[in-house]
There are 2 protein chains.
Amino acid sequence: MGIFSKTCEYALRAVFFISQKTSEGGRVSIKDIAIGIDSPEHFLAKILQDLSKRGLVQSAKGPNGGFFVDETTLKRPVAEIVEAVDGNGIFVGCALGLKECSEKDPCPLHNQFKTIRDEIHSLLRTTNIGNFNEELILGINSLKR
Amino acid sequence: MGIFSKTCEYALRAVFFISQKTSEGGRVSIKDIAIGIDSPEHFLAKILQDLSKRGLVQSAKGPNGGFFVDETTLKRPVAEIVEAVDGNGIFVGCALGLKECSEKDPCPLHNQFKTIRDEIHSLLRTTNIGNFNEELILGINSLKR
DNA sequence: TGATATTAATACCTTTTTATCCTTTTTACA
DNA sequence: TGTAAAAAGGATAAAAAGGTATTAATATCA
Ligand code: FES
Ligand code: FES
């Protein structure tokens, strides 16, 4: 497994995909998202359902419905998706799973790990959901394979 | 969940603990390790069994038996434990779970993520199992709570 | 208006992976 | 050679991942 859970990987890919399609001017169905990011369709549906409840994507039922992201959502940081799905463990948790990461009672890896962990947090807080639309449209970035 | 699996967290804490005890001159039983790192005893047994097979810790059965690490093991990098338990996904895998991370067909997070991922890899390759014995003996570093 | 097709939402089930507990085998030593 | 200490191995439980089926909402058209 990578650094995120599979659920979170799908969530990120899906949101980037929806964001791109929205910026190209259209809604997109679960089916198309699943194809576009190469993920199991019904599992993805459940993930999007959850993100939708949290307002991290928008949805509309019925013909011509589908998922999209509004202006404000485009500006929200990617970290919010990760936090919604995997929690904030990756941002604040101890590398060795101690109850809490602390300067007072640090694990062996603490000093070096904290730096890296903060970089991850910073990266995901400073990039927002709509950041990659251009690159995706141009095909510079990929969301499948 | 943190950056490593729970199994991996226990494995790392256990190996550090065994390493410390060895350097203090003694073998240590699963029971004592479980107490020392605050982990479920029988789950830990399973993990150590596996690490033992791979030669990442040494063991002796029977009375006065227990776990210990030999000289060469002390010098092996921490990365080997992580790789044995969680695989190398965290070192080489794509952040968004694409089949493979590539410069040719990068995901949106690739450029910035690769740097961080390499730092993690580097950190774990350059620190070895015995590195923290002193700090642990002195109580500067902690393996429980 | 009412039927219909389209689409997301919900509920439930199966498989796989991860985490935990219980039993057997080995071994030093009295 | 019996016994207790200890690791190794096997069985079980819980959680994550993935799949199936049904329901609810809604735009469109006859
Ligand atoms: S205490 Fe372990 S990372 Fe801070
Ligand atoms: S392609 Fe995703 S991290 Fe390299």
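Residue numbers start from 1 in every chain, and the chains themselves are labelled A, B, ... in the order their sequence lines are given, proteins ahead of strands.
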- B:Asp38 CG to C:dT20 C1', in whole Å, measures 15 Å
- B:Ser5 vs A:Lys46, nearer the 5' end of DNA chain C by closest nucleotide: A:Lys46
- Separation of atom CZ in B:Arg54 from atom P in D:dA8, rounded to whole Å: 14 Å
- Task: Starting at atom CD1 of B:Ile47, determine the distance to atom C1' of D:dA7, rounded to an integer number of angstrom.
- Result: 15 Å
- Report whether A:Val92 and A:Leu96 are members of the same hydrophobic cluster (ILVMFWY, side-chain heavy atoms less than 4.5 Å apart, transitive linking). yes
- To the nearest angstrom, the NE2-P distance between A:His42 and D:dA17 comes to 18 Å
- Task: Could you check A:Gly65 against B:Lys61 and say which one's nearest nucleotide on DNA chain C is further toward the 5' end?
- Result: A:Gly65
- Given D:dA17, D:dG9, C:dA19, which nucleotide is nearest the side-chain atoms of B:Lys53? D:dG9
- Task: Just compare D:dG18, D:dA8, C:dT10 and give me whichever is closest to any side-chain atom of A:Lys6.
- Result: D:dG18
- Query: Can you check the B:Leu44 CG to D:dA8 P distance for me, whole Å?
  - Reply: 12 Å
- Calculate the interatomic distance between B:Phe4 atom CZ and C:dA19 atom P; express it in whole Å. 14 Å
- Message: Check this one for me: any side-chain N or O of A:Asn64 less than 4.0 Å away from OP1 or OP2 of C:dT6?
- Response: no
- Message: Taking any heavy-atom pair under 4.0 Å as a contact, classify B:Val85: base, sugar-phosphate, or nothing.
- Response: nothing
- Query: So A:Lys114 and A:Glu103, salt bridge (charged side-chain N to carboxylate O under 4.0 Å, His left out) or not? Walk me through it.
  - Reply: CA-CA 10 Å; A:Lys114 182 168 58 94; A:Glu103 299 288 340; 3.2 Å; yes
- Query: Salt bridge between B:Lys46 and B:Asp50, side-chain N to carboxylate O under 4.0 Å?
  - Reply: no
- Message: For a quick check of understanding: with a heavy-atom distance under 4.0 Å over all strands, which category does B:Ile30 fall into, base, sugar-phosphate or nothing?
- Response: sugar-phosphate
- Message: It should be established whether B:Ser52 places a side-chain nitrogen or oxygen under 4.0 Å from OP1 or OP2 of nucleotide D:dA7.
- Response: no
- Message: Judged by each residue's nearest nucleotide on DNA chain D, which is more toward the 5′ side, A:Tyr10 or A:Pro63?
- Response: A:Tyr10
- Query: Does B:Thr7 make a side-chain N or O approach to OP1 or OP2 of C:dA19 shorter than 4.0 Å?
  - Reply: yes
- Which part of the nucleic acid, if any, lies within contact of A:Ala45, taking any heavy atom under 4.0 Å across all strands shown: a base, the sugar-phosphate backbone alone, or nothing? nothing
- Thinking salt bridges, do B:Asp32 and B:Lys21 make one under a 4.0 Å N-O criterion? no
- Round to a whole Å and report the spacing from CG of B:Asp50 to P of C:dT17. 16 Å
- Message: Would you call the rings of A:Phe132 and A:Phe16 parallel, tilted or perpendicular, taking 30° and 60° as the class edges?
- Response: perpendicular
- Query: Roughly how many Å is it from CD in A:Glu41 to C1' in C:dA8, rounded to a whole number?
  - Reply: 11 Å
- Message: Tell me whether the side-chain N/O atoms of B:Gln49 come closer than 4.0 Å to OP1 or OP2 in D:dG9.
- Response: yes
